[in-house]
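Right, one structure below, let's go through it.
For this chain, numbers begin at 1 and follow the sequence in order.
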Amino acid sequence: VKTFKCSACGDTYTEVVATEACNAVYKGTKYVLYSGSMTYAEAKAFCEKFGGHLVKITSQEENDVVAGLVASSGIKSWINGTDEVKEGTWCFDDGEKMTYLNWSQGEPNSNSGTDQDYMSMFLSGKWDDSHGELGGFVCEFDHKHTYSSSIETQSDISKAVKTFKCSACGDTYTEVV
């Protein structure tokens, strides 16, 4: 949490601050794991503030991508999922039914009656039902490649290779020009 103070009037406000720990791009989607102690609602609002949402995991392949981020960060993290509306019925925040699940053994368990209405990911990539604050969360953003280019002239002056590199994910491709 960072506190800001107006130099003119002295008013203050606080804002939840998180830092990007790591990211990945998979099938046109960018996944960013942020570190910062937040509740599920705060993490959800943070992602939405920047044009994304908590990651909606819909396949084993997608789970593997996100699990790689969580494992490399070493931080148990919020992912998109709740049973807040009806205990035991898990869905995404937008109400969409979940078709892929990856619960850790014995989960979800509501911890013997504790309201654990939100989904998180262990470092193993398995899921847990949680509450309170966690140290990380994963946001999902549509990823648009933004390429910059460089030209390399070949010894045969009639040909040059132009290399394009995405500034966000590092993806490259080349063209002979």
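Of all non-hydrogen atoms in N80 and L54, the two that sit nearest each other are ND2-O, 3.2 Å. Nearest approach of I57 to F92, heavy atoms of both residues: O-CZ, 3.6 Å. Between L123 and G74 the shortest heavy-atom distance is CD2-C, 3.4 Å. The minimum heavy-atom distance linking N63 with G125 is given by the pair ND2-O, 3.2 Å. Considering every non-hydrogen atom in both H131 and D115, the closest pair reads CB-O, 3.2 Å. In this structure, N109 and D129 approach most closely via the heavy-atom pair N-OD2, 3.0 Å.
Residues Y26 and E140 are not in side-chain contact: their nearest non-hydrogen atoms beyond the backbone lie 4.5 Å or more apart.
Under the disulfide (SG to SG under 2.5 Å) criterion, the residue pairs touching residues 39-94 are C47-C139, with sequence neighbours excluded. Pairs passing the salt bridge (Lys or Arg N to Asp or Glu O under 4.0 Å) check and including a residue from residues 70-82, sequence neighbours excluded, read K76-D128.
Remark: side-chain polar atoms of S77 are paired, donor with acceptor, to backbone N or O of I75 under 3.5 angstrom. The backbone N or O of G135 sits nowhere less than 3.5 Å from a side-chain atom of W78 that would complete a donor-acceptor pair. Here the side chain of E107 pairs no donor or acceptor atom with the backbone of S104 at under 3.5 angstrom.
Partners of Y118 according to the ring-ring contact (aromatic ring centres under 6.0 Å, His included) rule, which considers only residues two or more places apart in sequence or in another chain, are Y40. For K56, the side chain to side chain donor-acceptor pair (under 3.5 Å) criterion is met by D94, E96, not counting sequence neighbours. Partners of D83 by side-chain contact (heavy atoms from CB on, under 4.5 Å), not counting sequence neighbours, listed by chain and number: E87, W90, D117. Annotation: side-chain contact (heavy atoms from CB on, under 4.5 Å) contacts of S124 (sequence neighbours excluded): F122, K126. In this structure S59 satisfies the side-chain contact (heavy atoms from CB on, under 4.5 Å) test together with E61, E62, sequence neighbours excluded. Listed by chain and residue number, S130 satisfy the side chain to side chain donor-acceptor pair (under 3.5 Å) test with S120 (two or more places apart in sequence, or in another chain). For E48, the salt bridge (charged side-chain N to carboxylate O under 4.0 Å, His left out) partners two or more places apart in sequence, or in a different chain, are K44. Scanning for ring-ring contact (aromatic ring centres under 6.0 Å, His included) contacts around Y100 gives W127, with sequence neighbours left out.
Classification of the F137-F46 ring pair by plane angle, with boundaries at 30° and 60°, yields perpendicular.
Separation of atoms CG (D142) and OG1 (T29) is listed at 6.0 Å; rounding is to 0.5 Å.
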Using the side chain to side chain contact (heavy atoms under 4.5 Å, CB included) rule, take F50 and F141 through it: C-alpha gap first, then chi angles, then the decisive distance, then the call. CA-CA 9 Å; F50 294 101; F141 302 94; 4.2 Å; yes

From CA spacing to verdict: side chain to side chain contact (heavy atoms under 4.5 Å, CB included), Y31, V65: CA-CA 8 Å; Y31 303 90; V65 171; 3.9 Å; yes

Derivation of the side chain to side chain contact (heavy atoms under 4.5 Å, CB included) call for M121 and I79: CA-CA 7 Å; M121 183 181 278; I79 59 176; 4.2 Å; yes

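Side chain to side chain, S37 and E133 meet the donor-acceptor criterion of an N or O pair below 3.5 Å.
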